[in-house]
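Data block below; observations after.
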Protein chains: 2
Amino acid sequence: MNTPKAHLVDDDEAIRDALSWLLSSRGLPSATYPAAEDFLAAWTPATCGCVVLDMRMNGMSGLDCFDALLDRGSTLPVIFLTGHGDVPLAVATLKRGAFDFFEKPLNDNELATRIGEAMALDALQRAANATLDSVNARVSRLTTRERQIMDLVLAGKYNKVIADELNISMRTVEVHRANLFEKMQVKTAVELANLFKTGR
Amino acid sequence: MNTPKAHLVDDDEAIRDALSWLLSSRGLPSATYPAAEDFLAAWTPATCGCVVLDMRMNGMSGLDCFDALLDRGSTLPVIFLTGHGDVPLAVATLKRGAFDFFEKPLNDNELATRIGEAMALDALQRAANATLDSVNARVSRLTTRERQIMDLVLAGKYNKVIADELNISMRTVEVHRANLFEKMQVKTAVELANLFKTGR
DNA sequence: GGGTCGAATGTGGATATCCACAATACGCAG
DNA sequence: CTGCGTATTGTGGATATCCACATTCGACCC
(Lines give C-alpha, C1' and ligand atoms only; values in the text may rest on other atoms or scores of the structure.)
Protein backbone atom coordinates (compact mmCIF):
# COMPACT_ATOMS: atom_id res chain seq x y z
CA MET A 1 0.00 0.00 0.00
CA ASN A 2 1.49 3.35 -1.07
CA THR A 3 1.62 6.65 0.79
CA PRO A 4 -1.58 8.61 0.15
CA LYS A 5 -0.84 11.58 -2.08
CA ALA A 6 -2.66 14.21 -4.05
CA HIS A 7 -1.72 13.40 -7.63
CA LEU A 8 -1.57 16.68 -9.54
CA VAL A 9 -1.95 16.32 -13.30
CA ASP A 10 -1.64 19.61 -15.26
CA ASP A 11 0.53 20.68 -18.18
CA ASP A 12 0.84 24.12 -16.56
CA GLU A 13 3.98 23.92 -14.40
CA ALA A 14 3.12 27.08 -12.44
CA ILE A 15 -0.15 25.56 -11.28
CA ARG A 16 1.41 22.23 -10.40
CA ASP A 17 4.13 23.90 -8.32
CA ALA A 18 1.83 26.37 -6.58
CA LEU A 19 -0.61 23.65 -5.64
CA SER A 20 2.12 21.27 -4.52
CA TRP A 21 3.55 23.98 -2.29
CA LEU A 22 0.16 24.87 -0.84
CA LEU A 23 -0.64 21.26 -0.05
CA SER A 24 2.79 20.79 1.46
CA SER A 25 2.12 23.71 3.82
CA ARG A 26 -1.00 21.81 4.95
CA GLY A 27 0.89 18.59 5.51
CA LEU A 28 -0.67 16.93 2.47
CA PRO A 29 1.88 15.03 0.34
CA SER A 30 1.61 15.37 -3.41
CA ALA A 31 3.12 14.13 -6.66
CA THR A 32 3.10 16.08 -9.92
CA TYR A 33 2.71 14.92 -13.51
CA PRO A 34 2.98 17.21 -16.56
CA ALA A 35 0.80 14.96 -18.69
CA ALA A 36 -2.09 12.53 -18.24
CA GLU A 37 -0.02 9.81 -19.88
CA ASP A 38 2.65 10.20 -17.18
CA PHE A 39 0.13 9.73 -14.40
CA LEU A 40 -1.50 6.73 -16.05
CA ALA A 41 1.92 5.14 -16.56
CA ALA A 42 2.60 5.51 -12.82
CA TRP A 43 -0.87 4.45 -11.65
CA THR A 44 -1.39 1.10 -9.98
CA PRO A 45 -4.39 -0.23 -8.05
CA ALA A 46 -2.42 0.54 -4.88
CA THR A 47 -2.16 4.24 -5.71
CA CYS A 48 -3.78 6.17 -2.84
CA GLY A 49 -5.09 9.67 -2.16
CA CYS A 50 -6.83 11.57 -4.93
CA VAL A 51 -6.29 12.97 -8.42
CA VAL A 52 -6.45 16.61 -9.43
CA LEU A 53 -6.91 16.64 -13.17
CA ASP A 54 -6.85 19.53 -15.61
CA MET A 55 -9.61 19.11 -18.14
CA ARG A 56 -7.73 20.35 -21.19
CA MET A 57 -4.10 19.38 -21.68
CA ASN A 58 -1.74 18.73 -24.58
CA GLY A 59 -1.87 15.08 -25.42
CA MET A 60 -4.51 13.09 -23.55
CA SER A 61 -7.39 15.13 -22.08
CA GLY A 62 -8.39 15.02 -18.41
CA LEU A 63 -11.68 13.43 -19.31
CA ASP A 64 -10.02 10.65 -21.31
CA CYS A 65 -7.64 10.10 -18.42
CA PHE A 66 -10.65 9.84 -16.07
CA ASP A 67 -12.28 7.30 -18.37
CA ALA A 68 -9.05 5.30 -18.46
CA LEU A 69 -8.93 5.30 -14.64
CA LEU A 70 -12.53 4.12 -14.43
CA ASP A 71 -11.82 1.39 -17.02
CA ARG A 72 -8.96 0.17 -14.85
CA GLY A 73 -11.24 0.03 -11.84
CA SER A 74 -9.67 2.95 -10.02
CA THR A 75 -11.70 4.27 -7.07
CA LEU A 76 -9.51 7.33 -6.54
CA PRO A 77 -11.58 10.49 -6.04
CA VAL A 78 -11.01 12.85 -8.97
CA ILE A 79 -11.20 16.65 -8.84
CA PHE A 80 -11.40 18.39 -12.22
CA LEU A 81 -9.97 21.81 -13.05
CA THR A 82 -11.16 23.71 -16.10
CA GLY A 83 -10.55 27.11 -17.64
CA HIS A 84 -13.62 26.91 -19.88
CA GLY A 85 -17.04 26.82 -18.20
CA ASP A 86 -19.35 24.27 -19.75
CA VAL A 87 -22.39 23.23 -17.75
CA PRO A 88 -23.25 19.96 -19.54
CA LEU A 89 -19.62 18.83 -19.26
CA ALA A 90 -19.47 19.70 -15.56
CA VAL A 91 -22.77 17.93 -14.91
CA ALA A 92 -21.74 14.90 -16.93
CA THR A 93 -18.40 14.42 -15.15
CA LEU A 94 -20.01 14.76 -11.71
CA LYS A 95 -22.66 12.24 -12.68
CA ARG A 96 -19.89 9.99 -13.95
CA GLY A 97 -18.52 9.99 -10.42
CA ALA A 98 -16.04 12.88 -10.30
CA PHE A 99 -15.55 14.16 -6.75
CA ASP A 100 -15.59 17.86 -7.63
CA PHE A 101 -15.18 20.39 -10.41
CA PHE A 102 -13.38 23.75 -10.20
CA GLU A 103 -13.17 26.60 -12.66
CA LYS A 104 -9.97 28.59 -13.00
CA PRO A 105 -8.84 30.98 -11.69
CA LEU A 106 -8.68 28.75 -8.64
CA ASN A 107 -9.71 29.50 -5.10
CA ASP A 108 -6.65 27.79 -3.71
CA ASN A 109 -7.84 27.37 -0.14
CA GLU A 110 -11.15 25.89 -1.14
CA LEU A 111 -9.41 23.51 -3.53
CA ALA A 112 -6.91 22.44 -0.89
CA THR A 113 -9.76 21.76 1.54
CA ARG A 114 -11.59 19.64 -1.00
CA ILE A 115 -8.37 17.76 -1.78
CA GLY A 116 -8.09 16.96 1.93
CA GLU A 117 -11.69 15.75 1.94
CA ALA A 118 -11.14 13.66 -1.19
CA MET A 119 -8.13 11.98 0.38
CA ALA A 120 -10.07 11.28 3.57
CA LEU A 121 -12.85 9.69 1.49
CA ASP A 122 -10.29 7.54 -0.32
CA ALA A 123 -8.94 6.32 3.00
CA LEU A 124 -12.43 5.38 4.21
CA GLN A 125 -13.27 3.58 0.98
CA ARG A 126 -10.04 1.61 1.08
CA ALA A 127 -10.64 0.48 4.64
CA ALA A 128 -14.16 -0.66 3.72
CA ASN A 129 -12.89 -2.46 0.63
CA ALA A 130 -10.17 -4.22 2.60
CA THR A 131 -12.80 -5.66 4.90
CA LEU A 132 -14.99 -6.65 1.99
CA ASP A 133 -12.05 -8.30 0.19
CA SER A 134 -11.17 -10.29 3.27
CA VAL A 135 -14.73 -11.56 3.63
CA ASN A 136 -14.98 -12.39 -0.07
CA ALA A 137 -11.68 -14.28 0.07
CA ARG A 138 -13.08 -16.42 2.90
CA VAL A 139 -16.31 -17.05 1.03
CA SER A 140 -14.36 -18.15 -2.07
CA ARG A 141 -12.77 -20.93 -0.02
CA LEU A 142 -16.09 -22.52 0.92
CA THR A 143 -17.22 -25.72 -0.82
CA THR A 144 -20.49 -25.68 -2.72
CA ARG A 145 -22.28 -27.41 0.13
CA GLU A 146 -20.83 -25.14 2.76
CA ARG A 147 -21.97 -22.12 0.77
CA GLN A 148 -25.46 -23.55 0.56
CA ILE A 149 -25.58 -24.18 4.28
CA MET A 150 -24.25 -20.69 4.98
CA ASP A 151 -27.04 -19.03 3.02
CA LEU A 152 -29.65 -20.99 4.98
CA VAL A 153 -27.94 -20.24 8.31
CA LEU A 154 -27.94 -16.55 7.34
CA ALA A 155 -31.67 -16.81 6.72
CA GLY A 156 -32.04 -17.70 10.38
CA LYS A 157 -33.09 -21.32 9.88
CA TYR A 158 -32.59 -24.09 12.44
CA ASN A 159 -30.27 -26.99 11.58
CA LYS A 160 -33.28 -29.28 11.62
CA VAL A 161 -35.10 -27.15 9.03
CA ILE A 162 -31.99 -26.94 6.88
CA ALA A 163 -31.60 -30.72 7.04
CA ASP A 164 -35.21 -31.18 5.91
CA GLU A 165 -34.86 -28.75 3.04
CA LEU A 166 -31.66 -30.33 1.74
CA ASN A 167 -32.69 -33.92 2.50
CA ILE A 168 -29.62 -34.66 4.58
CA SER A 169 -29.10 -35.54 8.22
CA MET A 170 -28.86 -32.98 10.95
CA ARG A 171 -25.41 -34.30 11.73
CA THR A 172 -24.24 -33.44 8.23
CA VAL A 173 -25.61 -29.93 8.61
CA GLU A 174 -23.65 -29.62 11.85
CA VAL A 175 -20.44 -30.76 10.13
CA HIS A 176 -20.78 -28.33 7.25
CA ARG A 177 -21.78 -25.61 9.66
CA ALA A 178 -18.70 -26.14 11.80
CA ASN A 179 -16.47 -26.21 8.72
CA LEU A 180 -17.88 -23.01 7.26
CA PHE A 181 -17.67 -21.19 10.63
CA GLU A 182 -14.00 -22.11 10.78
CA LYS A 183 -13.32 -20.94 7.24
CA MET A 184 -15.25 -17.72 7.82
CA GLN A 185 -13.42 -17.24 11.14
CA VAL A 186 -16.55 -16.84 13.26
CA LYS A 187 -17.83 -18.60 16.37
CA THR A 188 -21.56 -17.88 16.18
CA ALA A 189 -24.18 -17.41 13.51
CA VAL A 190 -24.62 -13.79 14.53
CA GLU A 191 -20.92 -13.10 13.99
CA LEU A 192 -21.35 -14.62 10.58
CA ALA A 193 -24.34 -12.43 9.82
CA ASN A 194 -22.40 -9.39 10.99
CA LEU A 195 -19.71 -10.08 8.36
CA PHE A 196 -22.28 -9.32 5.70
CA LYS A 197 -23.56 -6.09 7.32
CA THR A 198 -22.22 -3.92 4.55
CA GLY A 199 -21.07 -6.64 2.20
CA ARG A 200 -24.24 -7.27 0.22
CA MET B 1 -49.04 7.37 0.55
CA ASN B 2 -49.80 9.46 -2.56
CA THR B 3 -49.59 8.50 -6.21
CA PRO B 4 -46.03 8.99 -7.48
CA LYS B 5 -45.94 11.99 -9.82
CA ALA B 6 -43.42 14.19 -11.56
CA HIS B 7 -44.00 17.58 -9.94
CA LEU B 8 -43.31 20.22 -12.61
CA VAL B 9 -42.52 23.65 -11.21
CA ASP B 10 -41.96 26.36 -13.86
CA ASP B 11 -43.50 29.79 -14.43
CA ASP B 12 -43.40 29.12 -18.19
CA GLU B 13 -46.76 27.55 -18.96
CA ALA B 14 -45.62 26.28 -22.39
CA ILE B 15 -42.86 24.23 -20.79
CA ARG B 16 -45.13 22.88 -18.08
CA ASP B 17 -47.74 21.77 -20.58
CA ALA B 18 -45.30 20.31 -23.11
CA LEU B 19 -43.52 18.31 -20.39
CA SER B 20 -46.75 17.17 -18.81
CA TRP B 21 -47.96 15.94 -22.18
CA LEU B 22 -44.69 14.19 -22.96
CA LEU B 23 -44.65 12.41 -19.61
CA SER B 24 -48.27 11.45 -20.05
CA SER B 25 -47.41 9.78 -23.36
CA ARG B 26 -44.86 7.71 -21.43
CA GLY B 27 -47.37 6.75 -18.77
CA LEU B 28 -45.74 8.96 -16.14
CA PRO B 29 -48.29 10.98 -14.12
CA SER B 30 -47.45 14.59 -13.43
CA ALA B 31 -48.73 17.64 -11.59
CA THR B 32 -47.92 21.24 -12.57
CA TYR B 33 -47.26 24.31 -10.43
CA PRO B 34 -46.71 27.83 -11.87
CA ALA B 35 -44.68 28.93 -8.84
CA ALA B 36 -42.36 27.41 -6.25
CA GLU B 37 -44.65 28.70 -3.50
CA ASP B 38 -47.54 26.70 -4.94
CA PHE B 39 -45.55 23.48 -4.89
CA LEU B 40 -44.26 24.04 -1.36
CA ALA B 41 -47.82 24.74 -0.17
CA ALA B 42 -48.91 21.38 -1.62
CA TRP B 43 -45.88 19.39 -0.45
CA THR B 44 -46.19 16.88 2.40
CA PRO B 45 -43.76 14.18 3.56
CA ALA B 46 -45.98 11.71 1.69
CA THR B 47 -45.46 13.45 -1.66
CA CYS B 48 -43.92 10.87 -4.05
CA GLY B 49 -42.12 10.86 -7.38
CA CYS B 50 -39.71 13.64 -8.22
CA VAL B 51 -39.53 17.40 -8.71
CA VAL B 52 -38.57 19.22 -11.89
CA LEU B 53 -37.62 22.70 -10.84
CA ASP B 54 -36.85 25.75 -12.96
CA MET B 55 -33.87 27.58 -11.53
CA ARG B 56 -35.07 31.13 -12.16
CA MET B 57 -38.71 32.01 -11.59
CA ASN B 58 -40.72 35.02 -10.53
CA GLY B 59 -41.10 34.92 -6.80
CA MET B 60 -39.15 32.18 -5.05
CA SER B 61 -36.20 30.76 -7.00
CA GLY B 62 -35.75 27.08 -7.72
CA LEU B 63 -32.68 26.96 -5.51
CA ASP B 64 -34.53 28.50 -2.54
CA CYS B 65 -37.34 26.03 -3.11
CA PHE B 66 -34.76 23.19 -3.08
CA ASP B 67 -33.33 24.47 0.19
CA ALA B 68 -36.81 24.65 1.67
CA LEU B 69 -37.44 21.03 0.65
CA LEU B 70 -34.17 19.90 2.21
CA ASP B 71 -35.01 21.84 5.41
CA ARG B 72 -38.32 19.99 5.61
CA GLY B 73 -36.53 16.67 5.25
CA SER B 74 -37.78 15.93 1.75
CA THR B 75 -35.97 13.06 -0.01
CA LEU B 76 -37.63 13.70 -3.38
CA PRO B 77 -35.11 13.60 -6.25
CA VAL B 78 -34.87 17.07 -7.80
CA ILE B 79 -34.02 17.84 -11.43
CA PHE B 80 -33.07 21.46 -12.17
CA LEU B 81 -33.74 23.30 -15.40
CA THR B 82 -31.86 26.46 -16.25
CA GLY B 83 -31.62 28.85 -19.18
CA HIS B 84 -28.37 30.41 -17.97
CA GLY B 85 -25.28 28.20 -17.87
CA ASP B 86 -23.23 28.67 -14.72
CA VAL B 87 -20.70 25.98 -13.84
CA PRO B 88 -20.22 26.75 -10.13
CA LEU B 89 -24.00 26.85 -9.62
CA ALA B 90 -24.49 23.55 -11.44
CA VAL B 91 -21.67 21.92 -9.50
CA ALA B 92 -22.93 23.29 -6.20
CA THR B 93 -26.51 22.07 -6.66
CA LEU B 94 -25.35 18.59 -7.69
CA LYS B 95 -23.06 18.45 -4.67
CA ARG B 96 -26.01 19.59 -2.56
CA GLY B 97 -27.81 16.47 -3.67
CA ALA B 98 -29.75 17.47 -6.80
CA PHE B 99 -30.48 14.49 -9.03
CA ASP B 100 -29.66 16.21 -12.33
CA PHE B 101 -29.25 19.54 -14.05
CA PHE B 102 -30.45 20.48 -17.53
CA GLU B 103 -29.83 23.53 -19.64
CA LYS B 104 -32.55 24.89 -21.87
CA PRO B 105 -33.39 24.39 -24.67
CA LEU B 106 -34.36 20.98 -23.37
CA ASN B 107 -33.68 17.62 -24.87
CA ASP B 108 -37.13 16.40 -24.05
CA ASN B 109 -36.53 12.70 -24.43
CA GLU B 110 -33.41 12.72 -22.28
CA LEU B 111 -35.24 14.74 -19.63
CA ALA B 112 -38.21 12.39 -19.64
CA THR B 113 -35.89 9.42 -19.27
CA ARG B 114 -34.15 11.03 -16.31
CA ILE B 115 -37.52 11.86 -14.75
CA GLY B 116 -38.43 8.19 -15.00
CA GLU B 117 -35.15 7.25 -13.36
CA ALA B 118 -35.64 9.82 -10.60
CA MET B 119 -39.10 8.45 -9.84
CA ALA B 120 -37.75 4.89 -9.73
CA LEU B 121 -35.05 6.02 -7.30
CA ASP B 122 -37.68 7.66 -5.10
CA ALA B 123 -39.66 4.44 -5.01
CA LEU B 124 -36.60 2.45 -3.96
CA GLN B 125 -35.68 4.95 -1.26
CA ARG B 126 -39.21 4.96 0.14
CA ALA B 127 -39.31 1.20 0.35
CA ALA B 128 -35.99 1.17 2.19
CA ASN B 129 -37.15 3.90 4.56
CA ALA B 130 -40.39 2.10 5.32
CA THR B 131 -38.43 -0.92 6.44
CA LEU B 132 -36.09 1.23 8.50
CA ASP B 133 -39.01 3.05 10.14
CA SER B 134 -40.65 -0.22 11.06
CA VAL B 135 -37.47 -1.52 12.66
CA ASN B 136 -36.88 1.74 14.51
CA ALA B 137 -40.45 1.71 15.84
CA ARG B 138 -39.87 -1.75 17.25
CA VAL B 139 -36.58 -0.73 18.82
CA SER B 140 -38.25 2.28 20.46
CA ARG B 141 -40.58 -0.09 22.33
CA LEU B 142 -37.76 -1.97 24.03
CA THR B 143 -36.99 -1.34 27.70
CA THR B 144 -33.55 -0.11 28.64
CA ARG B 145 -32.46 -3.57 29.72
CA GLU B 146 -33.85 -5.23 26.62
CA ARG B 147 -31.93 -2.76 24.47
CA GLN B 148 -28.75 -3.53 26.36
CA ILE B 149 -29.26 -7.25 25.92
CA MET B 150 -30.02 -6.80 22.24
CA ASP B 151 -26.75 -5.00 21.58
CA LEU B 152 -24.81 -7.82 23.24
CA VAL B 153 -26.78 -10.49 21.37
CA LEU B 154 -26.00 -8.64 18.12
CA ALA B 155 -22.34 -8.74 19.06
CA GLY B 156 -22.64 -12.52 18.93
CA LYS B 157 -22.17 -13.15 22.64
CA TYR B 158 -23.46 -16.20 24.51
CA ASN B 159 -26.13 -15.70 27.19
CA LYS B 160 -23.60 -16.86 29.77
CA VAL B 161 -21.13 -14.17 28.71
CA ILE B 162 -23.85 -11.52 28.68
CA ALA B 163 -24.91 -12.56 32.18
CA ASP B 164 -21.33 -12.24 33.42
CA GLU B 165 -20.84 -8.84 31.84
CA LEU B 166 -24.08 -7.45 33.28
CA ASN B 167 -23.79 -9.25 36.62
CA ILE B 168 -27.20 -10.91 36.33
CA SER B 169 -28.33 -14.50 36.10
CA MET B 170 -28.48 -16.42 32.87
CA ARG B 171 -32.18 -16.92 33.45
CA THR B 172 -32.70 -13.16 33.45
CA VAL B 173 -30.83 -12.85 30.19
CA GLU B 174 -33.12 -15.51 28.73
CA VAL B 175 -36.22 -13.62 29.86
CA HIS B 176 -35.08 -10.30 28.38
CA ARG B 177 -33.93 -12.08 25.27
CA ALA B 178 -37.32 -13.72 24.80
CA ASN B 179 -39.08 -10.40 25.40
CA LEU B 180 -36.97 -8.46 22.96
CA PHE B 181 -37.27 -11.14 20.27
CA GLU B 182 -41.05 -10.89 20.61
CA LYS B 183 -41.04 -7.10 20.39
CA MET B 184 -38.66 -7.18 17.42
CA GLN B 185 -40.79 -9.89 15.78
CA VAL B 186 -37.96 -12.34 15.24
CA LYS B 187 -37.44 -15.95 16.20
CA THR B 188 -33.64 -16.25 16.08
CA ALA B 189 -30.65 -14.06 16.73
CA VAL B 190 -29.71 -14.20 13.06
CA GLU B 191 -33.12 -12.87 12.07
CA LEU B 192 -32.53 -10.08 14.54
CA ALA B 193 -29.11 -9.31 13.05
CA ASN B 194 -30.63 -9.31 9.58
CA LEU B 195 -33.02 -6.51 10.63
CA PHE B 196 -30.02 -4.24 10.98
CA LYS B 197 -28.40 -5.18 7.70
CA THR B 198 -28.90 -1.76 6.17
CA GLY B 199 -30.13 0.01 9.26
CA ARG B 200 -26.86 1.05 10.87
C1' DG C 1 -4.15 -49.50 -6.62
C1' DG C 2 -3.34 -45.72 -3.25
C1' DG C 3 -4.12 -41.06 -1.71
C1' DT C 4 -6.86 -36.93 -1.24
C1' DC C 5 -10.97 -34.36 -0.91
C1' DG C 6 -15.76 -33.64 -0.21
C1' DA C 7 -20.19 -35.39 1.20
C1' DA C 8 -22.69 -38.15 4.14
C1' DT C 9 -23.92 -40.48 8.61
C1' DG C 10 -23.98 -42.38 13.52
C1' DT C 11 -23.04 -42.58 18.73
C1' DG C 12 -22.62 -40.49 22.99
C1' DG C 13 -22.01 -36.67 25.74
C1' DA C 14 -21.56 -31.73 26.80
C1' DT C 15 -23.14 -27.06 26.47
C1' DA C 16 -26.46 -23.55 24.93
C1' DT C 17 -31.09 -21.97 24.29
C1' DC C 18 -35.91 -21.87 25.30
C1' DC C 19 -39.81 -21.65 28.42
C1' DA C 20 -43.99 -22.90 31.66
C1' DC C 21 -44.79 -21.93 36.19
C1' DA C 22 -43.68 -19.40 40.07
C1' DA C 23 -42.05 -15.72 43.08
C1' DT C 24 -39.90 -11.18 45.02
C1' DA C 25 -38.50 -6.33 44.91
C1' DC C 26 -38.61 -1.58 43.41
C1' DG C 27 -40.42 2.70 41.40
C1' DC C 28 -44.26 5.26 39.98
C1' DA C 29 -49.03 6.84 39.50
C1' DG C 30 -53.70 7.25 41.13
C1' DC D 1 -52.55 1.47 49.90
C1' DT D 2 -53.26 -0.79 45.32
C1' DG D 3 -52.06 -1.72 40.66
C1' DC D 4 -48.86 -1.79 36.99
C1' DG D 5 -44.50 -2.20 34.66
C1' DT D 6 -39.85 -3.61 34.92
C1' DA D 7 -36.06 -6.25 36.64
C1' DT D 8 -34.58 -10.26 38.80
C1' DT D 9 -34.26 -15.23 39.99
C1' DG D 10 -35.20 -20.35 40.48
C1' DT D 11 -36.85 -25.24 39.10
C1' DG D 12 -37.41 -28.69 35.89
C1' DG D 13 -37.71 -30.26 31.41
C1' DA D 14 -37.46 -29.93 26.35
C1' DT D 15 -35.07 -28.66 22.20
C1' DA D 16 -31.00 -26.90 19.69
C1' DT D 17 -26.12 -26.67 18.97
C1' DC D 18 -21.52 -28.43 19.22
C1' DC D 19 -18.11 -32.02 18.66
C1' DA D 20 -14.67 -36.15 19.49
C1' DC D 21 -14.32 -40.37 17.42
C1' DA D 22 -15.47 -43.26 13.77
C1' DT D 23 -16.96 -44.91 9.17
C1' DT D 24 -18.40 -45.28 4.13
C1' DC D 25 -18.79 -43.74 -0.60
C1' DG D 26 -17.68 -41.43 -4.94
C1' DA D 27 -14.76 -38.58 -7.87
C1' DC D 28 -10.34 -37.44 -9.28
C1' DC D 29 -5.35 -37.72 -9.81
C1' DC D 30 -0.85 -40.05 -9.89
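Throughout, protein chains are lettered first and strands after them, A, B, ... in sequence-line order, and every chain is numbered starting at 1.
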Take atom CE of B:Met150 and atom P of D:dA7, then tell me their distance rounded to the nearest Å. 14 Å
Starting from C1' on D:dT8, measure out to CZ on B:Arg177 and report it in whole angstrom. 18 Å
CD1 of B:Ile162 versus P of D:dA7: gap in Å, rounded? 15 Å
Among side-chain atoms of B:Thr113 and B:Arg26, is any donor-acceptor pair under 3.5 angstrom? yes
Output yes when at least one side-chain N/O atom of A:Asn159 is less than 4.0 Å from OP1 or OP2 of D:dA16, else no. no
At what distance, to the nearest 0.5 angstrom, does CD of B:Glu13 lie from CZ of B:Arg16? 5.5 Å
Length of the line joining A:Glu146:CD and C:dA7:P, which is rounded to integer Å: 6 Å
In whole angstroms, how far is the P atom of C:dA16 from the NZ atom of B:Lys157? 15 Å
Residue whose nearest DNA chain C nucleotide is more 5′ - A:Tyr158 or A:Asn167: A:Asn167
Looking at B:Lys104, I want to see if its NZ is surrounded by more than 12 non-hydrogen atoms of other residues, nucleotides or ligands under 6.0 Å. yes
If you take any heavy atom closer than 4.0 Å to DNA chain D, which residues from residues 169-176 of chain B end up in contact? B:Ser169, B:Arg171, B:Thr172, B:Val175, B:His176
Rounded to the nearest Å, what distance is computed from the CZ atom of residue B:Arg145 to the C1' atom of nucleotide C:dA25? 15 Å
Report whether B:Leu63 and B:Val51 are members of the same hydrophobic cluster (ILVMFWY, side-chain heavy atoms less than 4.5 Å apart, transitive linking). yes
Starting at CZ of A:Arg141 and ending at P of C:dC5, how long is that distance when rounded to a whole Å? 16 Å
Do other residues, nucleotides or ligands put more than 12 heavy atoms under 6.0 Å from the NZ atom of A:Lys160? no
Shortest side-chain distance from B:Phe181, nucleotide among D:dA7, C:dC18, D:dT17: C:dC18
Distance check: side-chain N/O of B:Thr143 vs OP1/OP2 of D:dG5, anything under 4.0 Å? no
For B:Val161, the rest of its hydrophobic cluster, which grows through side-chain links under 4.5 angstrom: B:Tyr158
